[in-house]
Every structure is written in structure tokens, then in C-alpha cells.
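We use all heavy atoms of the structure for the numbers below, so side chains are in, but hydrogens, waters and symmetry mates are not.
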Amino acid sequence: MTVLQTTPVTTEQTPADVCAAPRHPRPNGQDSYTISEVVAFTGLTAHTLRWYERIGLMSHIDRSHTGQRRYSNRDLDWLDLVGKLRLTGMPVADMVRYAELVREGDGTYAERHALLEATRRDVRARIAELQDTLAVLDRKIMFYSDASRATAHEAAALKAPAHEADSARSAATARRAARPSSRRTPRR
């Protein structure tokens, strides 16, 4: 059975549980995933999962009797957190340090807190930079939109006199053709 063939288990989250783990395809106790299932579920490559384990970003991964890695829902929760930390731009060394602190236990809360605070400051600074960059892009887009409209209006204004002159010539020609000839016929 693959991850995609299973039905997610619904879990209720309390308001205080804002960092609750995502729903998993299998209930706890029956949560044994192969590396290929974790690849399909997370979008990470098998190489990346093995590398995370090798550098200490993943804690010990259980193995089957044949030596194959077996991941649990807890491992999937951890991978979700690691993915979020990667999105913040946190260096891998800091992520590994955070993982070590977690494994050391409750006595490291202050150090973990400081590490996450520093990361949050960096994220806020990047967001401010991106907002400034977005404002520049908005101004440029507005400039080119206005310039494009002005150019289209000028082009229409330049074409209008020529078009009106053609229309006037056509109307004059039509009027001349409609009136009787001014030539007098000779009297006999």
C-alpha cells in the first residue's frame, strides 16, 4: 500500500495547538513508511533524506529486519519543520545545531529559543527587503502601464486626422457625384 492509497486520519486541534503536525496518512502505531513513501509524501529526494540522517539533521531512523529505513509520523513532523526552517533561509549548520539541542532535551529551551529568535529577525529583515523590492516593481509596472496607454492614445490621435481627411475626401466625392452636372448643354 502506498501513501497515496491510504485515508488521512482526522485529528482535532485545539486553538493553543497552532504548531500542530499535519495530518498523516496512517495512525500512530501503524506509521511505518519506507523511504519511497516518504519521498512521495514530502517531495524530498531519497538522497536528501539519507543526507539529513548522515549530517545529524534527522535523529536515528528505525530500520526493518532487512535494514530498510522505516519512518514514523514523528519523523514526518520533523521533516515538515526542517522544510519550514529551510524556507526561512536558516543555514544547515544552524538546523543541525537545533536538531542537536532538541535531542539533548528540555534543558536547551533557552538556546533553542535564541536560535529561533535570531532566525525570525532574519526573516523579518528579508520580508522588509522584499516589500521594498515589490514597491519598486509596482512603481515600474505603473510607469510602463501609463506609458503604454499614453503611447496608444498618441497613436490613435495621429491616425485620426488622416482617417478624418480620407473620410472628408470620400464624402466630398460622393456629394459631387450626387449633384447634377454644372455643365450646360449647348442650346440648339
Side-chain angles (χ1 to χ4, degrees), residues 2-4 7-8 10-25 36-52 55 57-58 73 75-99 101-102 110-179 182:
T2 66
V3 172
L4 300 174
T7 305
T10 58
T11 58
E12 292 198 21
Q13 298 176 359
T14 62
D17 196 15
V18 293
C19 293
R23 295 185 183 130
H24 299 293
S36 61
E37 290 173 320
V38 174
V39 163
F41 192 66
T42 64
L44 297 170
T45 65
H47 175 78
T48 299
L49 292 169
R50 289 185 202 104
W51 181 65
Y52 282 178
I55 65 172
L57 193 51
M58 293 284 300
N73 286 339
D75 296 325
L76 294 179
D77 292 344
W78 180 256
L79 288 171
D80 185 55
L81 175 64
V82 168
K84 299 290 190 254
L85 294 176
R86 285 179 58 217
L87 287 174
T88 69
M90 180 185 269
V92 173
D94 288 350
M95 288 190 283
V96 170
R97 178 65 185 142
Y98 181 79
L101 292 170
V102 169
E111 197 173 344
R112 285 188 252 175
H113 180 265
L115 187 59
L116 294 176
E117 282 281 339
T119 301
R120 181 170 59 180
R121 278 191 304 275
D122 293 344
V123 168
R124 285 186 171 156
R126 276 202 358 241
I127 288 171
E129 286 177 8
L130 288 173
Q131 287 174 335
D132 289 343
T133 302
L134 183 60
V136 169
L137 288 174
D138 288 343
R139 284 193 304 272
K140 285 295 194 182
I141 289 168
M142 181 77 71
F143 170 80
Y144 289 118
S145 294
D146 292 346
S148 179
R149 280 192 293 274
T151 303
H153 181 68
E154 288 172 7
L158 290 175
K159 288 183 180 180
H163 177 66
E164 290 171 6
D166 289 343
S167 298
R169 270 189 239 114
S170 298
T173 304
R175 280 192 304 269
R176 269 185 257 130
R179 64 183 147 161
S182 58

Open item on the list: So Trp51 and Val92, do their side chains get closer than 4.5 Å, heavy atoms only?
Closed with: yes
Task: Side-chain touch Phe41/Val38, heavy atoms, less than 4.5 angstrom - done: no
Task: Leu115 CG to Glu117 CD distance, which is reported to the nearest 0.5 Å - done: 10.5 Å
Open item on the list: Any heavy-atom pair between the side chains of Val39 and Thr48 that's under 4.5 Å?
Closed with: no
- [ ] State the CE-CG distance between Met95 and Leu81, to the nearest 0.5 angstrom.
- [x] 9.5 Å
TODO: State whether the number of non-hydrogen atoms from other residues, nucleotides or ligands found under 6.0 Å of Arg126 atom CZ is greater than 12.
DONE: yes
Task: Which residues share a salt bridge (Lys or Arg N to Asp or Glu O under 4.0 Å) with Glu129, sequence neighbours left out - done: none
Task: Reported CD-to-CG distance for the pair Glu111 and Leu101, which is rounded to 0.5 angstrom - done: 4.5 Å
- [ ] Nearest 0.5 Å please: distance from the CG atom of Leu57 over to the CG atom of Leu49.
- [x] 10.5 Å
Task: Separation between CG of Leu137 and CG of Asp132, rounded to the nearest 0.5 Å - done: 11.0 Å
Task: Note, Tyr52 side chain near Leu44 side chain (heavy atom, < 4.5 Å) - done: yes
Open item on the list: Looking at Asp80 and Lys84, is there a salt bridge between them, counting it only when a charged N and a carboxylate O are closer than 4.0 Å?
Closed with: yes
Open item on the list: Keeping Ser148 on the side-chain end and Ser145 on the backbone end, is there a donor-acceptor pair under 3.5 Å?
Closed with: no
Open item on the list: With rounding to the nearest 0.5 angstrom, report the CG to CD1 distance, Asp122 to Ile127.
Closed with: 11.0 Å
TODO: Tell me, with the steps shown, if Leu116 and Tyr98 meet side-chain contact (heavy atoms from CB on, under 4.5 Å).
DONE: CA-CA 9 Å; Leu116 294 176; Tyr98 181 79; 3.9 Å; yes
TODO: Identify whether the distance between the nearest side-chain nitrogen and carboxylate oxygen of Asp146 and Arg149 falls below 4.0 Å.
DONE: yes
